[in-house]
Amino acid sequence: MDKSAREAYVSFNNVQKSYDGVNLVVKDLKLDVQRGEFMTMLGPSGSGKTTCLMMLAGFETATSGDIILDGDAINDVPPWKRDIGIVFQNYALFPHMTVQENLAYPMQVRKVSKSDIEDRVKKALGMVQLDGFAGRRPGQLSGGQQQRVAVARALVFEPKLVLMDEPLGALDRQLREQMQYEIKHIHENLGVTVVYVTHDQAEALTMSNRVCVFDDGVVQQVAAPNILYEQPDNAFVAQFIGENNTFLATVKEKNGDQCVAQVDTGETLTALAINIGQSETKTTLSLRPERVTINPNAGEFKNVVSGKVKELIYLGDHIRTRLELCGQDNFIVKVQNAARHSHLLEGETVQVGWHIEDCRALDAL
Amino acid sequence: MATVQQPIIIDGRPLKEQLARAERRKKYVAFAMVLPLLLFILITFAIPIGSMLFRSVDNPRMITLAPQLTAELSEWDGQDMPPEEVFEAAVKDFKLAAEAGTLGRIATRVNYSMAGARSLIVKSKRKFKNVTEGPYREVMIKADKRWGELDTWKTLKKVSVPYTPVYFLNAIDRDLDGDGNIVKQPSEKRIYVKLFVRTLWIALLVTVLTLILGYPIAYLISTQPPRISNLLIIMVLLPFWTSLLVRTTSWIVLLQTQGVLNDLMVWMGVISDDGRIQMIYNLQGTLIAMTQILLPFMVLPMYSVMKTIPLSELRASQSLGANPFITFFRIFLPRSIPGIGAGGLLVFVVSVGYYITPALVGGAKGQMISNQIAFHMKSSLNWGLAAALGTILLVGVLVLYWLYDKVVGIDKMKLG
Ligand SMILES: Nc1ncnc2c1ncn2[C@@H]1O[C@H](COP(=O)(O)OP(=O)(O)OP(=O)(O)O)[C@@H](O)[C@H]1O
Ligand SMILES: [Mg+2]
């Protein structure tokens, strides 16, 4: 994790959470979020993302550890004094109030003057492109429009922090992508700090400054999207983010930042030593499908093995090719559908090769 | 250029006609499915209600039991003393009725509108026995001089019409005088308006009490996890599982002057032995018992509405800066109004017609209109008046329902 001199705006200091006194749902969480950052918590269902968010919002108490917001520990501050805007997955708009009243609500309870409220509601509606919808009730809006109102409501009172828990989960794919960009732009324009929760990795990569990958209540890696994809720290992250080819192998020797590992069928491969143990321990070799070359020129790559084409799937811009090699029958290669791409046939035996730098030796899954 | 759209033809028939045929079959099936219930409701509900409404204005007794008299009276203009034919018809009809044993019923009917009429008719019966020819007028006046009074005949004419507003007038403490004017009943007979007001008042009090007591319970149940909330619901419903009579009786045991509660308070020294509090056989008794009995009707609709208020809305409110107090009044309470409306209406409507509890624990001061209806149904046998009272009650409830719809909106009501 980045332990820079910049002071964190939000931080979880060794936070633990248990609902039942038996299982820890969040384990020893350490996480810093910088001011103005768009931080996404990404993880499979049940990994504790919502729990973290609810602790931050004040609706769940941390079993131990501190949560800091803007320099103050907020463990004992009740939710209504935390000044945190939340966008809920089901929007949680107030159905008995109009859009105008929904947006005015946080300012009314803060006793903002009437004319100020009106100005700010108007601006907020403009920001989410819903001018002219002020008089409607939530029930008279489409899902996407309700979503925008929810976003506007969480921002209109200029909170210190905005939390979003899978806010786009209920939208269809096209609308979801559009809203991703809109939320991203709003974040860029306002400079507000956002903690965002999703289990959709594409969404996390598109929107975030940094992503925190969760599994089973434990942070696996916190990094910018490109780092997360290209330099995963462990096998879980490599698997979870994007598509990935893996080999289970045994470490044979370690040379500086590289290592040689032997797969069960006997081939030896060289990889970057990222997260491995001593010689003769197990490791997972991880390799992105788009970094593999079919039938390379002699001497181009250090790692070259032969494999058998099992399946070809035509996908327009590329051809998804499934190979059997090194005892792995689910080895995927993306062959670009470019001018000079190799025409493969099912059942054919080919050579495949890759750079040492593209293959990472990680912990054994 | 506008083109006229041609009807679409399939297999030589217009599409519209085919659609109608296809839909018709569906309608028949749907109708057949509800038919048994429709018949059941018709026989057990619509017909009895209709007959009750009808009975409140229907006045068939004189017509069937004294047909000649009724016919003659309807000819008479009611201004001066009636002609000889009326007297003749009266004597003949009374004699026939006496033989048939129906004179008592005639007497009773006339008695509703004229005190003392029963004894007059029964007394005269003996004197008419041997009369076979006129002049009937003298015979009757000789039998009792009241037969010579215009008012007596006016009353007879009044009770002999086929349809009468008198029952309704009586139900609101009014009557028709001999000249057909609406007048107030003598003050000792003015009981129904007061009773209607008291009935509405009791129903309102019970509604308010069940609301005050039930709202927090409903809220508590709605916030519990299913395992606990189911248990609490069962406890709320527990009263339904014991007989109403048993429960009411247990209130008597508990609340009477020599009852458990008074004994306890005397024992603790809160009150002296002479100062025992009368908690039953009065308005208080009716209120306590009815509130307890009707509480589930209030709690269940409110619970079913509160259950649907998502936690996330309350959390959203708090995250927006509203403390739990504001959150309750601005979010939770408005969202629970359909439940309050449904529960309130239910309790009110049920209590307006309550009968057994006031009868058992109400004493004189805790009686409601239904007790009077029951009295006229079972003891005085004045079914017309009972029907009129019932009809007024029914119309009153419908008016309330209509008002509720105007103010809150029926579509907002949620019964489960
Ligand atoms: N109120 C609660 N009481 C007991 N256990 C809970 C409660 N809320 C969540 N849990 C448990 O805590 C774990 C983490 O739940 P959480 O809701 O944080 O997951 P999540 O990462 O948000 O998952 P999802 O992507 O499905 O929303 C789960 O195993 C869940 O069963
Ligand atoms: Mg969640």
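Every chain is numbered from 1 and lettered A, B, ... according to where its sequence line falls, protein lines coming before strand lines. Note: hydrogens, waters and symmetry copies are ignored here, and every other heavy atom, side chains too, is used. Here the structure is a predicted model, which is why all the values come from computation and not from measurement.
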note = Of all heavy-atom pairs linking A:Met97 and B:Ile331, the shortest is CE-CD1, 3.7 Å
query = Where is the tightest heavy-atom contact between B:Ile326 and A:Val109, given as atom of each residue plus distance?
reply = CG2-CG1, 3.9 Å
inquiry  = For the backbone of A:Ala92 and the side chain of B:Arg315, can you confirm whether one donor and one acceptor N or O come within less than 3.5 Å of each other?
reply    =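 Absent.
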Region of [X] in contact with chain B, defined by heavy-atom distances below 4.5 Å:
| X | value |
| --- | --- |
| A:Gln108 | side chain |
| A:Phe157 | side chain |
| A:Ile84 | backbone |
| A:Arg82 | neither |
| A:Leu93 | backbone |
| A:Met107 | neither |

task = Please say whether more than 12 non-hydrogen atoms of neighbouring residues, nucleotides or ligands are located less than 6.0 Å from OH in B:Tyr219.
result = no
query = Is the count of non-hydrogen atoms from other residues, nucleotides or ligands lying under 6.0 Å from A:Glu118 atom CD greater than 12?
reply = no
Can you tell me how far apart [atom1] ([X]) and [atom2] ([Y]) are? Round to the nearest 0.5 Å.
| X | Y | atom1 | atom2 | result |
| --- | --- | --- | --- | --- |
| A:Phe59 | B:Leu314 | CZ | CG | 9.0 Å |
| A:His96 | B:Ile337 | NE2 | CD1 | 8.5 Å |
| A:Arg153 | B:Ser319 | CZ | OG | 7.0 Å |
| A:Asn102 | B:Ser317 | CG | OG | 10.5 Å |

ask   = Quick one: are A:Lys81 and B:Asn323 in side-chain contact, heavy atoms under 4.5 Å?
value = no
message = Within the 4.5 Å heavy-atom criterion, are A:Pro95 and B:Arg335 side-chain neighbours or not?
response = yes
inquiry  = Heavy-atom pairs under 4.5 Å with chain B: which of A:Trp80, A:Phe94, A:Phe88, A:Tyr91 has the most?
reply    =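 Most heavy-atom pairs under 4.5 Å with chain B: A:Trp80.
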